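Only one structure is covered here, and it is reproduced in the block below.
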Amino acid sequence: MQRLEGRVAVVTGAGSGIGLASARRLAAEGARVVVVDIDETAGKTAAAEVGGLFVGADVAREDDVRDVFAQTHAEFGRIDVSFNNAGISPPDDGSVLDTDVDAWRRVQEVNLTSVYLCCKHVIPYMQAAGRGSVINTASFVAMLGSATSQIAYTASKGGVVAMSRELGVQFAREGIRVNALCPGPVSTPLLRELFASDPEQAGRRLVHVPMGRFAEAEEIAAAVAFLASDDASFITASTFLVDGGISGAYVTPL
C-alpha cells in the first residue's frame, strides 16, 4: 500500500528496534522519512537504507528537537507525521526501593520530556498545515502493574499516555491527531539485552502473553503506519494497545 505517498514523517530513535522497523514501513508506504537518532552511525545507516534524511539529535535537549523539525520543514516544506519513539530502559531502573534519583531523572528526560519537546515543536507546523498525525510511544506497562518493576520507565510511559490523550483532545478540531502507541513486549535489541542477564524475568513476562511470544518490531511498525495514515482519520486521544492480548488476560492458554 502507498497510504503515505508524498508525506513527510519524522521518526525519533530510528536507528534500531521499533524506530528502524517503522522508518522502513513508512518509507515502503511512500513517505519521505527523517531519521532521528543520537547514534550517528546507526542513524546514517538507517537513513541510507530508507532513502531518507538523517538528523542527529539528543531528543532530551530542546535546541536539538527544535532543529530537527526546523531542518525537516526547510528540506521538505511540510511535516505530516511525527513518531516520537526514542526511549531507554536502563538496568539501574528497578524497584522504587532501589532506583536512585539520577536514574529516575534520566529515564524521565529521555522517555517523557523528549516526547513533550517533540510535540511542542512539531505541532505548530501541523497547525499551519491544518493536519498531522503525532504518534507517541508509550507502553502496555502504563496500563498494568508489575511485580518485576521498572519504576521510572513505567512512570514515564504513564506520562506519555496522559499527555497524548490531552493533546489529542486539544488539537482535534485543528485536524491534528495525537495517539499513544502502547506496544507489549517486543523482541528488540533493548529487550533481548535486558533479559539476557535475567532469563527468569523474561519467563515471568512471557507467561502472561496469550499469544505465547513477544512481538516483532515489524508488527508494531504496522500499527505506526496505520495511525499515520488516513485509515486512522477518526482515531485521536487513544491509547492504542498492540500487546498480543496481555492487557486483556486473566489466565493465559497452556
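All values derive from a computational prediction rather than experimental measurement. Numbers for residues simply follow the sequence, beginning at 1.
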*Contacts of Asp37 that satisfy side-chain hydrogen bond (donor to acceptor under 3.5 Å, both in side chains) - sequence neighbours left out*: none

*asked:* Suppose we screen for side-chain contact (heavy atoms from CB on, under 4.5 Å). Which residues come up paired with Leu4, at least two apart in sequence or across chains?
replied: Arg7, Leu26, Glu29, Ala31, Ala228, Ser229

*Within the distance-only criterion (no hydrogens, no angle test), does the side chain of Arg177 pair as donor or acceptor with the backbone N or O of Ala232 below 3.5 angstrom?*
yes

_Partner residues of His73 under the side-chain contact (heavy atoms from CB on, under 4.5 Å) criterion, sequence neighbours left out_ = Ile79, Tyr125

*asked:* For Arg66, is there an ion pair with Asp64 - N to carboxylate O distance below 4.0 angstrom?
replied: no

*Apply side-chain contact (heavy atoms from CB on, under 4.5 Å) to Thr72 and Val8, showing your working.*
CA-CA 8 Å; Thr72 299; Val8 174; 3.7 Å; yes

*Side chain Ser22, main chain Phe83, donor-acceptor under 3.5 Å*: no

*Apply side-chain hydrogen bond (donor to acceptor under 3.5 Å, both in side chains) to Thr148 and list each qualifying residue two or more places apart in sequence or on a separate chain.*
Ser146, Arg205

_Pairs satisfying salt bridge (charged side-chain N to carboxylate O under 4.0 Å, His left out), at least one member in residues 130-152, at least two apart_ = Arg131-Asp230

*Could you name each residue pair satisfying salt bridge (charged side-chain N to carboxylate O under 4.0 Å, His left out) that touches residues 233-253, not counting sequence neighbours?*
none

_Which residue in the set Asn111, Asn85, Thr12 passes side-chain hydrogen bond (donor to acceptor under 3.5 Å, both in side chains) when paired with Thr137?_
Asn85

_Test: ring-ring contact (aromatic ring centres under 6.0 Å, His included). Region: residues 235-254. Which pairs qualify, not counting sequence neighbours?_
Phe226-Phe240

For residues 214-222, tabulate all N or O donor-acceptor pairs below 3.5 Å that involve a side-chain atom, not counting sequence neighbours.
unit_1: Glu219; atom_1: OE1; unit_2: Arg213; atom_2: NH1; d: 3.0
unit_1: Glu219; atom_1: OE1; unit_2: Glu216; atom_2: N; d: 2.8
unit_1: Glu219; atom_1: OE2; unit_2: Arg213; atom_2: NH2; d: 2.8

_ring-ring contact (aromatic ring centres under 6.0 Å, His included) partners of residues 89-109, not counting sequence neighbours, each pair once_ = none

*Under the side-chain contact (heavy atoms from CB on, under 4.5 Å) test, residues paired with Ala180 that sit two or more places apart*: Ala138, Val161, Ser164

*Any salt bridge (charged side-chain N to carboxylate O under 4.0 Å, His left out) pairs touching residues 231-241, not counting sequence neighbours?*
Arg3-Asp231

*Using the salt bridge (charged side-chain N to carboxylate O under 4.0 Å, His left out) rule, collect all pairs that involve residues 83-110, keeping only residues at least two apart or in two chains.*
Asp92-Arg106

